[in-house]
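Scroll down for the structure; my scribbles are underneath it.
Chain letters run A, B, ... following the sequence lines, proteins first, then strands; residues in each count from 1.
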There are 2 protein chains.
Amino acid sequence: MPERPGQAMQKSANKRRATVADVARQAGVSVATVSRVLNAKAGDRNPVAEETCQRVRQAMQTLGYRPSQVGRTLRTQVAHVVALLIPDATNAFYAAIAHATETALRERGYAMILCNTSEDPAIQDEYLREMQAHNVAAIVLLGAVETAELRTAANSDTPIVFLNRRAPQGVPGPFIGIDNAAAGEAVGEHFAERGWARIGCIRGPQTSPASRERFEGFQSALAAAGKPLDPDLVEQGALTIESGDAAMARLLAGGHRPDAVFCGNDLMAYGAHRRLADQGLSVADVALFGFDDNPLNAWLATWLSTVHVPHSQFGRAAAEVIVELANHRGERMERQILLPFHLEVRASA
Amino acid sequence: MPERPGQAMQKSANKRRATVADVARQAGVSVATVSRVLNAKAGDRNPVAEETCQRVRQAMQTLGYRPSQVGRTLRTQVAHVVALLIPDATNAFYAAIAHATETALRERGYAMILCNTSEDPAIQDEYLREMQAHNVAAIVLLGAVETAELRTAANSDTPIVFLNRRAPQGVPGPFIGIDNAAAGEAVGEHFAERGWARIGCIRGPQTSPASRERFEGFQSALAAAGKPLDPDLVEQGALTIESGDAAMARLLAGGHRPDAVFCGNDLMAYGAHRRLADQGLSVADVALFGFDDNPLNAWLATWLSTVHVPHSQFGRAAAEVIVELANHRGERMERQILLPFHLEVRASA
DNA sequence: CTGAAAGCGCTTACAG
DNA sequence: CTGAAAGCGCTTACAG
């Protein structure tokens, strides 16, 4: 590793950070009283005398005191920290959720540990264990992968909140996301109304409940409209650009080109679009509909019709659930928070 | 907030997590011995007997023991946690650095708290204080904003590592980034070689040392080549797409169109490109050169010539510095780690 | 209204 | 090679 010659070590002259004991001494009270001032709430049964309170606050000010989160956590057993497990924070859709979550948590006095899992079960499981060792107030799991460790963790003291992708069968824990089946239906109804004859679909993986629900909703809405989906025009992708590209290639190679294709997420729609372009086609020839309303659309695909998933609301909802959980520690909360979605109909469909 | 009727609270039946005391009891040793096994290093002066070691490990296994990071931190005064302060993790360039940092830290046993500052001094300062209260091993500051609190924090026990943007004058702390002046010079030399007659620049803000160094390097290389930069063709932007767009508008309105423009970062180059397109121009008319090699280029601008900044190496370098700092707690380390950059010459210049 | 004391889960001199 | 004890910085019953 290249480095400049000017490397040097010096002793730094640091004064120890002040503790409750320092404040107590300075204010002439006990540490218990300092702690009470620190944790004073509205309806306290034995409040600190106003005059004492003033004195303590003054001492804190003088010493530049800030309570140690570590001492507090060891005593209360729960840190003002939340872990966010996320497949990949460089994915713009996830990044938007991570950002919203961090902001909402900060406003409520929590810090956020970011954990990229790459959807790797081993990394997810290691983080699940490690975050418990940090006594985090909650683990927010975006895109949970089903493992034995996840079941264990879900039954531990540390609450797990499932974001976007629902908890696996039989695993307890609140869910925050949208009603994917209803969203799939809405897209199906839109397709039926538009009167397209040959309707295709590039769906997400079978292993993802969200993808499954989206697909089934879409399928059933078309069936209800008397236009059942042709299984030959259904392809499966891995929610990546490349897989969308490949899936569209298969659809086009099939001989009878679809008029419109519902893609399981926006990234696959980008890939499908690229493949169309490669074949000299456009969304005028094959309409495209995505899912997520990926923030990249603003730069990459202003033309893409899609289902808007309210990523920025995910964070606030998660933060609220966590605060509520913190106030009911030790109880298990089964809860579904379904956020509103809407179709964002643009040029492509 | 909409919610399903099926909300319910249940008591969860949780067994307490095992502690050193449990392991000690199970293994028939003292907690001190358990701790020694936990922290055994290669060259220990008083090692635990192999047989005892086995017994302790066995007990840990049996109990599913995992040491509490909180207990450890309270005792050692330093958490296996690092804080990353970042302007905006939804920016692809920063997201790439955050991801690389998280990965490198995880491999070294550290968790990463992510803090978005929005370049807001108040948020940065609050996080600087709060992260000290968490006893983080280090604060990694990407895009530091100069404040009084930053000076205070830089002189505290908690090491601050400056990423990409150098520490302000007189603030101690290691720096990891590239040699921006050299990179600017390299671009200047490239421009001189290409022989463009009218050379323009959309530089970043004066307040950013990195932007200043890039610009000055560029300017001096051109001067050295006998083609001094015309001040009328220098505009300033805020490192955003919009500001690049606006700056290019000003350049074009100036009457004498430049042949080639060096942009302070890739986002401004995107904006400049959009403005060119709006005027019916392309990079064949006005060559563009960016800076950063933003990961978005792969999708958004495969044509953009730019300076490749090795974002993925930032994370590893930061993690290494932090581990080294952890081994020299209380000393101050002045250190410059300059990572290699290179020109990525593509179609646009 | 306030204080003395215990204890959260570790690590580390100090003895032996 | 191992153990007893102190202590990191807090909070919270328990007394008064």
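- Between the P atom of C:dG9 and the CG atom of A:Asn135 lies a distance of 8 Å, rounded to the nearest Å.
- Rounded to whole angstrom, the span from the CZ atom of A:Arg17 across to the C1' atom of D:dC8 amounts to 12 Å.
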Using a 3.5 Å limit on both pairing distances, list the dot-bracket string of DNA chain D from the 5' end; Watson-Crick and G-U wobble pairs count, crossing pairs take [ ], interstrand pairs take |.
|||.||||||||.|||

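- Mapping B:Glu51 and A:Ala21 onto DNA chain D via the closest heavy atom, the residue that lands nearer the 5' end is B:Glu51.
- Between the CG atom of B:Asn39 and the P atom of C:dG9 there is a distance of 17 Å, rounded to whole Å.
- Side chains of B:Gln54 and B:Glu50: a donor-acceptor N/O pair is present below 3.5 angstrom, by distance only.
- A donor-acceptor pair is defined here as one N or O able to donate and one able to accept, closer than 3.5 Å; such a pair exists between the side chain of A:Ser156 and the backbone of A:Thr158.
- At whole-Å resolution of the value, CZ in B:Arg36 and P in D:dA4 are 11 Å apart.
- D:dG9 atom P lies 11 Å from atom CZ of A:Arg25, rounded to whole Å.
- One interatomic measurement links the two molecules: NE2 of B:His134 to C1' of D:dC10, which rounds to 14 Å at whole-angstrom precision.
- We find that CG of B:Leu38 is positioned 11 Å from P of C:dT12, with the value rounded to whole Å.
- To the nearest 0.5 angstrom, B:Gln124 atom CD is 13.0 Å from B:Asn116 atom CG.
- Counting non-hydrogen atoms under 4.0 angstrom, A:Ala32 reaches a base of the nucleic acid.
- Contacts of residues 69-77 of chain B with DNA chain D (heavy atom under 4.0 Å): B:Leu74, B:Arg75, B:Gln77.
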Apply side chain to side chain contact (heavy atoms under 4.5 Å, CB included) to A:Tyr65 and A:Val56, showing your working.
CA-CA 11 Å; A:Tyr65 172 74; A:Val56 172; over 6 Å; no

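- Counting non-hydrogen atoms under 4.0 angstrom, B:Ser35 reaches a base of the nucleic acid.
- Side-chain atoms of B:Asp22 and B:Arg16, non-hydrogen and from C-beta on, do get closer than 4.5 Å to each other.
- Within the structure, every side-chain polar atom (N or O) of B:Thr19 is placed at least 4.0 Å from both OP1 and OP2 of C:dG9.
- An OP1 or OP2 oxygen of D:dT2 is reached within less than 4.0 angstrom by a side-chain nitrogen or oxygen of B:Thr52.
- What separates CE of B:Met60 from P of C:dG9 is a distance of 15 Å, to the nearest Å.
- A:Thr103 and A:Glu107 share no side-chain donor-acceptor pair at under 3.5 Å.
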